[in-house]
Amino acid sequence: MLEKKKIILIEDNPGLVDLITEIIKEGYIERDIVLARDGMEAIDRFQELSIKWNAEVEDKIKLIILDLDLSNINGMDILRFIKKNPRYSRIPIITLSTDSDKTTIDEAYSNGVSEFVTKSLSYDDFVANLRGLKEFY
């Protein structure tokens, strides 16, 4: 049996972790989710996966969902870490942030993000934007 590609979810809000996981399952997106709850745990996860999969990391990860508002290590720093590492640099990244400032959005896109989703939208708008995850499959 072929191994499912992974979605890396880097989010520290348990409610949003549940919501995002539910939307992924509701959309029948057949992926295993690897969760990191803060910036340091995210770095650890990437190092673990690099050791486990060696050069095949990009082939095994379909998408990264990254909260920019993380503790320990800022999400923008995680974004730069991912995009500067040739093992992960081509993996699409969706960022989530409460900050809808144009400077933050521009910085995220200049650092290689595929899509920027603002958390401060209404619940319905936020859910609708996350349902757009299906476009990445």
Side-chain angles (χ1 to χ4, degrees):
M1 185 170 128
L2 293 174
E3 184 178 0
K4 294 178 188 174
K5 287 192 174 186
K6 312 288 188 217
I7 292 176
I8 308 295
L9 174 57
I10 306 166
E11 173 61 62
D12 57 357
N13 180 320
L16 285 178
V17 167
D18 292 343
L19 176 63
I20 293 165
T21 302
E22 180 181 312
I23 289 169
I24 290 169
K25 290 179 181 176
E26 172 188 291
Y28 303 104
I29 299 170
E30 294 296 325
R31 303 287 181 240
D32 292 331
I33 298 172
V34 176
L35 178 63
R37 297 182 194 276
D38 64 38
M40 185 59 77
E41 189 176 349
I43 297 291
D44 291 345
R45 290 281 183 266
F46 280 105
Q47 290 173 337
E48 290 167 11
L49 295 175
S50 289
I51 292 168
K52 180 179 177 182
W53 295 327
N54 198 11
E56 300 175 359
V57 171
E58 268 190 6
D59 295 333
K60 300 213 182 237
I61 300 172
K62 183 67 176 177
L63 176 68
I64 299 168
I65 303 171
L66 171 62
D67 177 14
L68 292 181
D69 311 310
L70 295 171
S71 58
N72 293 335
I73 300 174
N74 179 297
M76 201 66 77
D77 291 334
I78 299 294
L79 175 60
R80 283 188 282 273
F81 165 80
I82 294 167
K83 289 301 181 176
K84 286 181 181 177
N85 189 316
R87 289 187 177 184
Y88 323 118
S89 62
R90 294 189 327 239
I91 301 169
I93 300 176
I94 295 174
T95 56
L96 309 173
S97 180
T98 55
D99 188 355
S100 61
D101 178 69
K102 183 179 177 349
T103 304
T104 301
I105 295 170
D106 289 346
E107 182 180 0
Y109 280 111
S110 70
N111 282 303
V113 73
S114 303
E115 186 174 339
F116 190 100
V117 176
T118 304
K119 290 181 183 179
S120 61
L121 298 170
S122 72
Y123 173 83
D124 291 337
D125 288 342
F126 182 68
V127 169
N129 283 340
L130 287 178
R131 285 195 173 117
L133 290 173
K134 286 190 251 185
E135 294 175 21
F136 283 91
Y137 297 95

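Keep in mind that this is a model prediction, so the values were computed, not measured. Atom set for the values below is all heavy atoms of this structure, side chains included, hydrogens, waters and symmetry mates excluded.
- In this structure, I64 CD1 and F46 CZ are separated by 3.5 Å, a value rounded to the nearest 0.5 Å.
- Although no hydrogens or angles enter the test, the distance criterion places no donor-acceptor pair under 3.5 Å between the side chain of D38 and the main chain of D12.
- The line from NZ of K6 to CD1 of I91 is 13.0 Å long, rounded to the nearest 0.5 Å.
- Using modelled atom types, one side-chain atom of S114 and one backbone atom of I93 make a donor-acceptor pair closer than 3.5 Å.
- The side-chain contact (heavy atoms from CB on, under 4.5 Å) test with I10 is passed by exactly one of D67, L70, L35: L70.
- Residues D101 and T103 bring a donor and an acceptor atom of their side chains to less than 3.5 Å of each other.
- Distance alone, capped at 3.5 Å, places no donor-acceptor pair between the K84 side chain and the L79 backbone.
- The OG atom of S97 lies 8.0 Å from the CD1 atom of I105; values are rounded to the nearest 0.5 Å.
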Before giving the answer on side-chain contact (heavy atoms from CB on, under 4.5 Å), spell out for D99 and K119 the whole-Å C-alpha distance, their side-chain angles and the decisive distance to 0.1 Å.
CA-CA 8 Å; D99 188 355; K119 290 181 183 179; over 6 Å; no
Show, in sequence, the C-alpha distance, side-chain angles and deciding distance for L19 and I23, and conclude whether the side-chain contact (heavy atoms from CB on, under 4.5 Å) test is met.
CA-CA 6 Å; L19 176 63; I23 289 169; 4.0 Å; yes
Please evaluate residues I78 and L66 with respect to the criterion side-chain contact (heavy atoms from CB on, under 4.5 Å), reporting the C-alpha separation (whole Å), side-chain torsions for both, the decisive distance (0.1 Å), and the verdict.
CA-CA 8 Å; I78 299 294; L66 171 62; 3.9 Å; yes
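- Classification of E107 and R80 as a salt-bridged pair holds, one side-chain N sitting under 4.0 Å from a carboxylate O.
- For the pair I43 and I73, the minimum side-chain heavy-atom distance is below 4.5 Å.
- The side-chain heavy atoms of N111 and K83, taken from C-beta on, include no pair separated by under 4.5 Å.
- The shortest side-chain heavy-atom distance between R87 and L49 does not fall under the 4.5 Å cut-off.
- For the pair R37 (side chain) and E11 (backbone), a donor-acceptor distance under 3.5 Å is absent.
- With contacts defined as side-chain heavy-atom distances shorter than 4.5 Å, the pair V34/L9 does not qualify.
- Taking each heavy atom of S100 and T118 in turn, the nearest pair found is CB-CG2, 3.7 Å.
- Checked by atom type and distance alone, the side chain of Y88 never pairs as donor or acceptor with a backbone atom of F81 at under 3.5 Å.
- The closest side-chain heavy-atom distance from V117 to T95 is not below 4.5 Å.
- Taking NZ of K62 as the reference point, atom CD1 of I8 lies at 14.0 Å (rounded to 0.5 Å).
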Give the C-alpha distance, both sets of side-chain angles, the deciding distance and a yes or no for side-chain contact (heavy atoms from CB on, under 4.5 Å) between I20 and L96.
CA-CA 11 Å; I20 293 165; L96 309 173; 3.6 Å; yes
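- In this structure, the side chains of T21 and I33 come closer than 4.5 Å at one or more pairs of heavy atoms.
- The structure places CE of M76 at 9.5 Å from CG of D69, a figure rounded to the nearest 0.5 Å.
- Side chains of I7 and D32 form no contact here, defined as non-hydrogen atoms less than 4.5 Å apart.
- Under a 4.0 Å N-O distance rule, the pair E48/K52 does not qualify as a salt bridge.
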